[in-house]
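Worksheet for the structure shown next.
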There are 2 protein chains.
Amino acid sequence: MHFLWLFYLPSLALESHAAGEGGLEFPTFDGKDRVQEINKKNYKQELRRHEMLCVLYHETLPQDKGLQKQFHMTEMVLELAAQVLEDRDIGFGLLDSRKNAKVAKKLGLEEEGSIYIFKDERVIEFDGELSADTLVEFLLDLLEDPVELISNSREQRAFEKMDEDIRLIGYFKGEESERESAASQPFIQLHADKIKVAKHLTLKMNEIDFYEPFMEEPVTIPGKPNSEQEIVEFVSKHRRPTLRKLRSEDMFETWEDDMDGIHIVAFAEEEDPDGYEFLEILKEVARDNTNNPDLSIVWIDPDDFPLLTTYWEKTFKVDLFRPQIGVVNVTDADSVWMNIASDEALPSAEALEDWIEDVLSGKVNTEDDDDDVGYSDEDGEEEEDDDEDDVDDDDGDHD
Amino acid sequence: MHFLWLFYLPSLALESHAAGEGGLEFPTFDGKDRVQEINKKNYKQELRRHEMLCVLYHETLPQDKGLQKQFHMTEMVLELAAQVLEDRDIGFGLLDSRKNAKVAKKLGLEEEGSIYIFKDERVIEFDGELSADTLVEFLLDLLEDPVELISNSREQRAFEKMDEDIRLIGYFKGEESERESAASQPFIQLHADKIKVAKHLTLKMNEIDFYEPFMEEPVTIPGKPNSEQEIVEFVSKHRRPTLRKLRSEDMFETWEDDMDGIHIVAFAEEEDPDGYEFLEILKEVARDNTNNPDLSIVWIDPDDFPLLTTYWEKTFKVDLFRPQIGVVNVTDADSVWMNIASDEALPSAEALEDWIEDVLSGKVNTEDDDDDVGYSDEDGEEEEDDDEDDVDDDDGDHD
């Protein structure tokens, strides 16, 4: 449970007359109320009336003027989202956790501060950054068909590039209602129906492969053809990946899903050569350890969270212009970080795995920072099991 | 010149007590003023005092209460940026275009509503979305060394992946002051000093290659070794690419750089298989036409601008869940769009090039929408000069 939404003023837009900017006018809140209170009188009707219903489950409005102002700002996020999405048949509402406790119970709402989206008899929780951008993007994605047809090599490369997400790909002929309905769960499912693509992906008819984020090798869901329930159970069971990216659309959900109160956090700027290199090493580590249930590394790209970057640098006392990996206590944000000699001497996958072992065994922990395990860069062979290499590597500058 | 900054309320953050969210507290404006008025008395001192000075060049504060409120919001963006970057030795200021016209002239400020950053005797204009996120990310990037050392194959792949930017790569031994100072221009320069990497990139000693966005083949800057002036002149001359991505950090700069009042705009979601496929076709078109000075396609990924997506759909009357390409009149946002039969029958590179020719010749224009040129999908061979293909393609569903 988090309260941050209550205090975060998101990006809105006021009236705009961008002279000579035809084509780039940001939306402006027109002051018209579109978000309504959801209560026992209207909730059934609202659920029926819209293709999607988007409800903020919130604490009772506090007395404190400041908190009220901040709550109003949160309402504004919903109002702007409702206005921007006006033509999309999405209802927007606020549900007071005390005043309308019974309705909340009926709807199965649990986490105050979360937004719940109702679609096709399903409830999807939005537990991300409560800004208009993030919420609108999330809702627009929900409106898109979760099933994509992979019918040529370019679309297949697109599928391979989407490695930050959990992906399912099945090989089917014609319509598969089971598949379709499973796909309306909040995870992506893709669909290859071209036999050549299927062959390339080593898919047999009616077989569904599960790709964990950043994994090259899929796991085939056993017992094909699979029922919707089987698919959902399999995905739920394999939901927490070995390496996951912190994303604004589910950042709190990810952060709350800690491992006994800690996270192993890696900072790497994908657009920076050193950051990219470190990320490649992290993927290598994740692939080697994909069957370790105790390991889930949270990768943060500082470029995705500019407003948090300097806060993280202060809180964790690290330089985020360089790749970093550490252990963070999610309760008090106490942390300890691996000692990386320099950008030009990143740890090898092996060195990282040794350090992670020390973390999981408790040898490295946030309580005694003196116990910081340094990295000796004598074995800085980044390139080891790195197949696609087309130019040799030079470790000369590692010593 | 644009006024949009004056009316756009960006993402701020108020006080936050994220219970149990140790590690994810968004910054909160503490109310302390850090942004000061820049005038003839203090501008020299401010330039001397900081590593970087960040100045919003603005119109004189209007009488209108609403406009004043909106201007205050813009100030808040700077205040939050100043607070977040407090430890970075960056000065923040406001410069009134009427009140301090002389100082503006001395500093060479021209576009009201733009932010100018002074660093190492250079002026860099920020003409992007005026939100705290975008501005802070831009400033943090400026603090990073623009020269990156490419010393192994992973870093080289990182370089190859950064294809949205103008990139320079040179092959040098030791320090090159010319190179360093050229690099502090607001464009990226990378530096390979490992002979194997250089060979792979077909670079000779002291040679500098210029990569236009989305191009695989570089152009070598003639007359090596090049002086800073030669490098800067070459880049300025080749600045406008054949295909460019609309990015929040320079969206207005890009939009203002129109071709005789129009833009050829392509919408493609890179994360969507059809969008990715269309983008690959666009890159093919760009590569075939890289020497055509009259062609510069603006690629917009709707995922990057969730708040503008539905506005664009209304203004341009297109469905942005699907790839689209059209001509937009930047003054009145009037537009005409290519008729793309379906996601499963995207136009081939050839068909796109024919359509673009019709645009450049004026046959397709925003004035007579009846003249909309349809796309006959008989020649829908997306795969034509598509080398890396590892699986065959199936155009069956194009007819």
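Reckoned from all heavy atoms, side chains included, excluding hydrogens, waters and symmetry mates. A note on names: the letters A, B, ... follow the listed sequences, proteins ahead of strands, and every chain is numbered from 1.
- Neither the backbone nor the side chain of A:L320 comes within contact range of chain B; no heavy atoms are under 4.5 Å apart.
- Ion pairing of B:K314 with A:E86 is absent here, as no side-chain N (NZ or NE/NH1/NH2) approaches a carboxylate O to less than 4.0 Å.
- Residues A:E271 and B:M162 share a closest heavy-atom pair of O-SD, 3.4 Å.
- A side-chain donor-acceptor contact under 3.5 Å links B:W312 to the backbone of A:G23.
- Taking CD of B:E280 as the start and OG of A:S153 as the end, the distance is 9.5 Å to the nearest 0.5 Å.
- With rounding to the nearest 0.5 Å, the separation of CG in B:L140 from OG1 in A:T310 is 7.0 Å.
- Separating the CD atom in B:E137 from the CG atom in A:D304 is a distance of 8.0 Å, to the nearest 0.5 Å.
- In this structure, the side chains of A:D133 and B:F305 stay at 4.5 Å or more apart for every pair of heavy atoms.
- Taking both residues in full, the closest heavy atoms of B:L308 and A:F26 are given as CD2-CA, 3.5 Å, listed atom of the first, atom of the second, then distance.
- Using a 4.5 Å cut-off between heavy atoms, A:D87 contacts chain B through its side chain alone, with no backbone atom that close.
- Using a 4.5 Å cut-off between heavy atoms, A:F316 contacts chain B through its side chain alone, with no backbone atom that close.
- Ion pair B:R322/A:E144 not flagged as a salt bridge, since none of the NZ, NE, NH1 or NH2 atoms sits closer than 4.0 Å to an Asp/Glu carboxylate oxygen.
- Between B:E270 and A:K161 there is a salt bridge, since at least one side-chain N of the basic residue sits less than 4.0 Å from a carboxylate O of the acidic one.
- Across every non-hydrogen atom of B:F252 and A:L24, the tightest pair is CD2-CD1, 3.8 Å.
- Between B:P273 and A:A158, the shortest heavy-atom contact is CA-CB, 3.8 Å.
- The side-chain heavy atoms of B:L80 and A:L307, taken from C-beta on, include a pair separated by under 4.5 Å.
- Annotation: maximal heavy-atom pairing with chain B below 4.5 Å, among A:A333, A:G275, A:P302, occurs at A:A333.
- The OH atom of B:Y276 sits 11.0 Å away from the CD atom of A:E155 when rounded to the nearest 0.5 Å.
- Ion pairing between A:E313 and B:R88 holds under the 4.0 Å rule for side-chain N and carboxylate O.
- In this structure, B:P306 and A:V84 approach most closely via the heavy-atom pair O-CG1, 4.5 Å.
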